[in-house]
Amino acid sequence: MEPSLSTVDPEIARLIHEEERREARTIRLIPSENYASRAVLEASGSVLTNKYSEGYAHKRYYEGQQSIDAIEELAIERIKRLFGAAHANVQPYSGSPANLAVYLAFAKPGDVVMGLGLPAGGHLTHGWGVSITGKYFKSVAYGVRKDDHRVDLDEVRALAKEHRPRLLFCGGTAYPRTWDFPAFRSIADEVGAILVADIAHIAGLVAGGAHPSPVGIADVVTSTTHKTLRGPRGGMIMAKPEHAAAIDKAVFPGLQGGPHNHTTAAIAVAAQEALQPSFKDYARQIVANSKALAAALIERGFTLVSGGTDNHMALLDLTPQGVPGKVAARAMDRAGLVANYNSVPFDTRKPFDPSGVRIGTPAVTSCGMKEPEMVLIAEWTKRAVDAHADEAVLAKIAGEVAEVTARFPPPGIPVG
Ligand SMILES: *Cc1c(COP(=O)(O)O)cnc(C)c1O
């Protein structure tokens, strides 16, 4: 018998077990995180990690692809069916490489690209300066309006006409409102830009019909597979048929070597789960929970960026409380509420010490929590922020949290 992980490496085995306990006992409010199902974890932890498969199905550079070709074809077919896409590439290692492949497919270094600025809720890979996408390309950022924190389409159009971007990105990482994809389409058409919708955060909402879909509107749609979609850590790109060859060539051999076949299989499993009718209920409940949580926080005196949410996340601006986002997020973590500190639009504090905390409901919804639990979370959040320096209060809240999480065991985590 081959020795198990706990025999070979008890230190790592113990740390994984501790992480299981933490994930089961705390309330996961980071909106980019979720719980993958046991089935997804099984596929992801399989022997498929052993296989090299550079290339695409039936056009590989290595032999022995009998299972791998079938697996990748299933993943592609299910993703296309789930999103109604003409073409899908499931090989990107994650969301950032998926975006990088789009740059490689359509742009040359020095070309102009446009995306939502990081402080307004955009992603690093949409041209922000510290990212390769901001260093190798001439990046123009659009923002949100000062009064309602929504994307200002007039500003997007004016900037696009002035700078004529090759790539126009829509989508964000800390944007709590709906994206108007048709409006971006018409701006892209006016200036001859390739429209890229990055749905990394909202893919599960799009798949479940709880957010409008950019598929068929944007030229290219990129995504992660591990956020609201509840798959393994991975990325994917969907494209209009005329861009299929350019995207595939950019991913391999342009950017990557062998695909992560264990991830591909787990993406296929996650897509199969998302194709079930129950996933629509899941997506709807994520948004219902998010709105309930936002309302309960507002009732308790919190200020929300844009005044609320249309999707799975909300951004608290703690300026009125006078508690920095980092201090609040740490206090919440001590209380068993795991969130992340985040810049708010027009933040007067620094990105590493910003004014906001970002929260979201994909993971708690995966555990079966509904509106009543959102009220509890809002109340705990209020108590934790108020008592941010009082370890005894924070420990007391953590105890209450553990009592409730015991009633809502997350998928994928063995109990005990
Ligand atoms: C999370 C995210 C990404 C990057 O995904 P990684 O898997 O972390 O590389 C890209 N774009 C957006 C909008 C995201 O939210």
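We use all heavy atoms of the structure for the numbers below, so side chains are in, but hydrogens, waters and symmetry mates are not. All of these numbers come straight from a predicted model, not from anything done at the bench. For the single chain, residues carry numbers from 1 onward in sequence order. Numbering of ligands and ligand atoms starts at 1, following listing order.
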Practice task
Return the residue, atom name and 0.1 Å-rounded distance of the protein heavy atom closest to atom 3 (C) of ligand 1.
Solution key: His123 NE2, 3.2 Å
Handout entry: Selection from Pro92, Gly115, Ser96, Ala200 by shortest heavy-atom distance to atom 9 (O) of ligand 1
Key = Ser96
Exercise for the section: Report the nearest protein non-hydrogen atom to atom 2 (C) of ligand 1: residue, atom name, distance rounded to 0.1 Å. Expected result: Lys227 NZ, 2.5 Å
Exercise for the section: Mark up the atoms of ligand 1 that fall under 4.0 Å of a heavy atom belonging to Gly172, in ascending order. Expected result: 13 (C)
Completion exercise
protein heavy-atom neighbour closest to atom 11 (N) of ligand 1 works out as Asp198 OD2, 2.6 Å
Practice task
Assess whether side-chain hydrogen bond (donor to acceptor under 3.5 Å, both in side chains) is satisfied between Thr303 and Asp317, documenting all intermediate values.
Solution key: CA-CA 5 Å; Thr303 303; Asp317 181 351; over 6 Å; no
Practice task
Step through the shown structure and confirm whether more than 12 heavy atoms of other residues, nucleotides or ligands are within 6.0 Å of CD on Gln276.
Solution key: yes
Problem - Contact atoms of ligand 1, heavy-atom distance to His226 under 4.0 Å - result: 7 (O)
Exercise for the section: Provide the number and element of each atom of ligand 1 under 4.0 Å from a heavy atom of Thr173. Expected result: 14 (C), 15 (O)
Handout entry: Numbered atoms of ligand 1 (with element) below 4.0 Å of Thr224, judged on heavy atoms
Key = 5 (O), 7 (O)
Problem - Tyr61/Tyr56 aromatic ring centres below 6.0 Å - result: no
Problem - Identity and distance of the protein heavy atom lying nearest atom 7 (O) of ligand 1 - result: Ser94 OG, 2.4 Å
